[in-house]
Amino acid sequence: MVVGDVTTGTDVLVIGAGPAGYVAAIRAGQLDLDVTLVEKDAYGGTCLNYGCIPSKALITATDIAHDARNAEQMGIHADPAIDLSGMVSWKDDVVDQLTGGVEKLCKANGVNLMEGTATFTDETTVRISHDGDGQGSETLEFEHAIVATGSSPIEIPNFSYGDEPVLNSRQALSLDSVPDSLVVVGAGYIGMELASVFAKLGTDVTVIEMLDEMLPGYADDLKRPVKQRADDLGIEFEFGYTAAEWSEREDGSGIRVVADPVDGADVAADGGAAAGEAEAEDENEEPASLELDAEKVLVAVGRRPVSDTLDLDAAGVDIDDNGFIETDSRARTSVDHIYAVGDVAGEPMLAHKGSMEGQVAAEVIAGEPSAIDYQAMPAVVFTDPEIATVGMTETDAADAGFDTVVGTFPFRASGRALTTGESDGFVKIVAEEDEGYVLGASIVGPEASELVAELGLAIELGATLEDVASTVHTHPTLSESVMEAAENALGHAIHTLNR
Amino acid sequence: MVVGDVTTGTDVLVIGAGPAGYVAAIRAGQLDLDVTLVEKDAYGGTCLNYGCIPSKALITATDIAHDARNAEQMGIHADPAIDLSGMVSWKDDVVDQLTGGVEKLCKANGVNLMEGTATFTDETTVRISHDGDGQGSETLEFEHAIVATGSSPIEIPNFSYGDEPVLNSRQALSLDSVPDSLVVVGAGYIGMELASVFAKLGTDVTVIEMLDEMLPGYADDLKRPVKQRADDLGIEFEFGYTAAEWSEREDGSGIRVVADPVDGADVAADGGAAAGEAEAEDENEEPASLELDAEKVLVAVGRRPVSDTLDLDAAGVDIDDNGFIETDSRARTSVDHIYAVGDVAGEPMLAHKGSMEGQVAAEVIAGEPSAIDYQAMPAVVFTDPEIATVGMTETDAADAGFDTVVGTFPFRASGRALTTGESDGFVKIVAEEDEGYVLGASIVGPEASELVAELGLAIELGATLEDVASTVHTHPTLSESVMEAAENALGHAIHTLNR
Amino acid sequence: TPDDRIFAPPRVRRMARDEGIDLSQLRGSGPGGRITAADVQAAAGTAPSGTAQAAAGADEGAAAETTADATEGAPAADSSSGTETAAGSSGQTATATQTQPPTQVD
Ligand SMILES: Cc1cc2nc3c(=O)[nH]c(=O)nc-3n(C[C@H](O)[C@H](O)[C@H](O)COP(=O)(O)OP(=O)(O)OC[C@H]3O[C@@H](n4cnc5c(N)ncnc54)[C@H](O)[C@@H]3O)c2cc1C
Ligand SMILES: Cc1cc2nc3c(=O)[nH]c(=O)nc-3n(C[C@H](O)[C@H](O)[C@H](O)COP(=O)(O)OP(=O)(O)OC[C@H]3O[C@@H](n4cnc5c(N)ncnc54)[C@H](O)[C@@H]3O)c2cc1C
């Protein structure tokens, strides 16, 4: 039974104050809608509190130390000491500053803030519970709802985030001392970003990945400099294994993680025959499991939408097989006046995708002609070096029926890159052949995350290679590499030989 | 009399292998023209050998040490030692790599390289002298010439770069030990960039500037963070003074630089009256000269075109009152088949301006419809923090008859900026009011030099504020600040309050 | 070029949605066939009235000229992409302003 139930109403209810939800709420407020934002945990969501911002803070800070330590060839001799708890509390300050800012911005834009967990009771009301099951809950009626409940880290069998040596990304970003050794399960972008941070902090890092490569989905040429750098940092990789279980070591010195080969079960079930043909030597051996000793294990195998704790059924909102809420190009769900944005509304699960969708949902509710119609969604992996992509790959473009032309520029030919001591990687532009429309770009190298912005704009504007090549770029900058890649595609780069 | 004179011919003669000349030569080669590039000193010109590249190398390297030393709040404790001669030899390696690259690229594009000093003998021939006055010289006939002789540092009376304690920028970038103290004459961009480098190396730096402000020509709001940082670094400024003379100190401990107040002479000549009215206290005092003790003095008061050693008269090429060669929008001089590009052809004296002009000259000679028709010329000052500008300022736009709207975004509201520990500064966009065409932008802050590229492209393409604001920018990046500034101009920024 | 890919800036795409215009049915008049705001307005029959257009055109022309003049003394360009884009999309002033919902929030 519900105690102390109060019913109030709002034009626009936003559930979840991550980058999708708070942006939706602020935009709705700017459009003079009466808007209420409900958050159960912390303003800023995963991104500001446990994701994008904390990870980038630690990446940048460890790089400051790492770069100084490795600048002997520049005549710099340094042996920085890192106090991780100091670094983490600096990171927490940054987070507080930003989440405080979000709260202030919401209020300044007229957003009503509510703390609590929202669950749908029907298609026009939610219950907001303040602590657990209905205690102190209230009912809120809405004209429109925007679901922005985000995603949460997937757990794998036998690895519970409640157990002290088992970490999810959030926990890994708040350690107060540097582990001697760490097993990272999953070589996706979160796993790889954190593997680099800990390797730079001095941790012995081993990455286990089910597939036979890191950063699945990214092209080999983009990954090569990252893999090289990871190897240089001493990160070990075990591809084709899954983490099976862990146990405390008997001598109390840490844990032992057992990882099984991915095809192990199959091979065993098939009998030795198929495997035997390929690997005669192993014919009679069981495929071996790995045993890895470490202080901690970080599980970063992916994230899943938070769509199961909302009672979406009560509102009649459909989800797909992966639990993502189905939406159309105006961010609308199967129920016309309910919208979904951000991670809960599907891939790519990226903060800026969610913010864009949040703006669209708010604007559509306000009657504006907005839609999710981007040509180019950038994505960045903040590894060392960074990888950034936007728009189509060559393959995407060919699949879409384009004849393409490609231009590249290696950073080792960039004056600016050489002056920073960071010249691995390249810029690659894919364009349509006839008119030269820029269709996509990929960058691996210094400041890739920033350089990709110009190419995103180029794609959105329908700019051509000539437009990019004819725009004067400052010397000496890394952004000249973008211009040079465009010139290369046109067959007249200055600082590389053209094909 | 000329000994061993040989006459050969070339379709296109390029004089000077700086970023204007070598780019012109490479482009001409790509267009299948028969091209000869003459250089008297070093491939890459001022920019690669003594300017852009060396300065950015030292700026970046000292920043690596400086950032680590000042990262205590991030939990990083470091006391880097800098061996300047090591840093300079690393810088020299970078330069060698780039100049070697330029030489290779010229050859690969079919450019004939010649060493020597070119002087015009008439409007279709030059003499190339290999050592001094005609000894071993040869005559070269050309169909077209491109003059790209660049600029050289201005000397001021009593400060000769031949004297050991007096440095020009080139010499300052090749010191093998850190001076205890340095007087920098001139607070333009070169003076300010180098003042920061030396202050970070531990030198006591005093900057003397004739005017009453640093970086003349830049808006006050852009300069404020740079001035603040310079003050924090302990750089002293003496505005309104000119360097008059220097002498060795008697105790052999360095030099004494005497600087006169700029109005000094006038005030003395006028009698005390005018000055007396303004500053009653000083009525009976002579305006005081300054005496500054230092180890070295760096003179960075500007650069002048190298147009006086070419015998331009013999060819009939006109120069203006400041010595710049006059050119039209196709880079042509007063003599139809002679072109001038780069520093020698006028302001802004920037490498990328020269390269662009070089390309245009080569293309025009090849019969292409190229012209110097940029909408937006970016300029960067690599101070701490960096300043970058492109296109029009508000004032320029108003003068040109535009009604404007302005949007800004402060980096302290940028998540990415906070995670780098560098959040001073802002992005400012100026747009035309009705349609929102982006007209100009200025940035002071982290990576300003890279962020300006996107805005340059926006201006060239005639993009509107809405186009920039609707382009998805990666989170968390500094480039989001560009999008936010556009949104602010539209009145709906998310992460700042709108006006 | 595959038909389903539209080359038009975000502002133009939004305008088309507002007017209910299907961009894949338009032929662009911009560089390389890029669809401009003017193309959308022509298709929607919402091109500004004669007076408005003339006024806008005049303003724009003047503006474009001044732009070129103001850029570091570079003479007005014969084939400037920037100038062309600005001039090419000139006729849209009035409509764009009208169709733009008020976004100024104080
Ligand atoms: C380590 C890490 C690094 C990352 N780095 C990047 C990066 O660099 N760039 C990038 O683009 N993305 C990054 N991401 C992904 C990014 O964090 C997400 O894409 C983003 O946070 C999604 O935003 P959202 O608003 O959809 O959801 P979230 O940020 O997850 O926010 C959802 C909010 O809803 C609240 N909520 C959930 N259910 C309810 C309920 N029933 N009632 C009330 N409140 C509820 C939650 O408490 C949460 O605050 C990273 C993620 C991680 C974990
Ligand atoms: C310290 C410093 C920092 C700078 N930083 C930047 C920066 O960050 N960004 C930027 O854009 N600009 C910067 N500049 C300016 C930049 O260096 C110049 O704008 C650029 O070098 C001009 O290129 P140029 O080809 O016209 O001339 P130059 O680079 O000066 O090259 C001219 C060449 O011509 C040769 N030459 C001259 N006369 C003859 C002759 N008669 N015969 C044969 N050869 C001849 C010279 O030896 C020289 O190699 C900087 C300059 C300095 C000094």
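The chains referred to below are lettered A, B, ... by the order of the sequence lines, with proteins before strands, and numbering in each begins at 1.
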So which part of B:Glu480 gets closer than 4.5 Å to some heavy atom of chain A, the side chain, the backbone, both or neither?
neither

Part of B:Gln73 lying under 4.5 Å from any heavy atom of chain A:
both

Qualifying salt bridge (charged side-chain N to carboxylate O under 4.0 Å, His left out) pairs with a residue from residues 77-92 of chain A, counting only residues at least two apart or across chains
A:Arg69-A:Asp79

What part of B:Glu386 gets closer than 4.5 Å to chain A, counting heavy atoms only: side chain, backbone, both or neither?
side chain

Applying salt bridge (Lys or Arg N to Asp or Glu O under 4.0 Å) to A:Arg416 and not counting sequence neighbours gives none

What part of B:Glu487 is in contact with chain A, defined as an atom under 4.5 angstrom from a non-hydrogen atom: side chain, backbone, both or neither?
side chain

Show me, pair by pair, the donor-acceptor contacts under 3.5 angstrom made by side chains of residues 102-109 of chain B, not counting sequence neighbours?
| unit_1 | atom_1 | unit_2 | atom_2 | d |
| --- | --- | --- | --- | --- |
| B:Glu103 | OE2 | B:Lys107 | NZ | 3.3 |
| B:Asn109 | ND2 | B:Leu105 | O | 2.9 |

Heavy-atom distance under 4.5 Å to chain A: side chain of B:Gln359, backbone, both or neither?
side chain

Quick check on side chain to side chain contact (heavy atoms under 4.5 Å, CB included): which of A:Asp63, A:Thr420, A:Ile64, A:Asp67 does B:Ile64 satisfy it with?
A:Asp67

I'd like to check B:Asp467 versus A:Glu460 (side-chain heavy atoms, cut-off strictly below 4.5 Å). Are they in contact?
no

Heavy atoms only: give me the nearest A:Trp90-B:Met74 pair and the separation to one decimal.
CZ2-CE, 3.5 Å

When you measure from the side chain of B:Gln97 to the backbone N and O of A:Gly415, does any donor-acceptor pair fall under 3.5 Å?
no

Chain A heavy atoms under 4.5 Å from B:Ala388: which part of the residue, side chain, backbone, both or neither?
neither

Among A:Ala81, A:Ala379, A:Pro80, single out the residue with the greatest number of heavy-atom pairs under 4.5 Å to chain B.
A:Ala81

For B:Leu98 and A:Ser414, which heavy atoms make the closest approach, and how far apart are they?
CD2-C, 4.5 Å

Residues 469-478 of chain B: residues contacting chain A (heavy atom under 4.5 Å, by number)
B:Thr471, B:Val472, B:His473, B:Thr474, B:His475, B:Pro476, B:Thr477, B:Leu478

Relative to chain A, which segment of B:Ala71 carries a heavy atom at a distance below 4.5 Å: side chain, backbone, both, or neither?
side chain

Could you look at B:Ala25 and say if it's the side chain, the backbone, both or neither that has a heavy atom under 4.5 Å from chain A?
neither

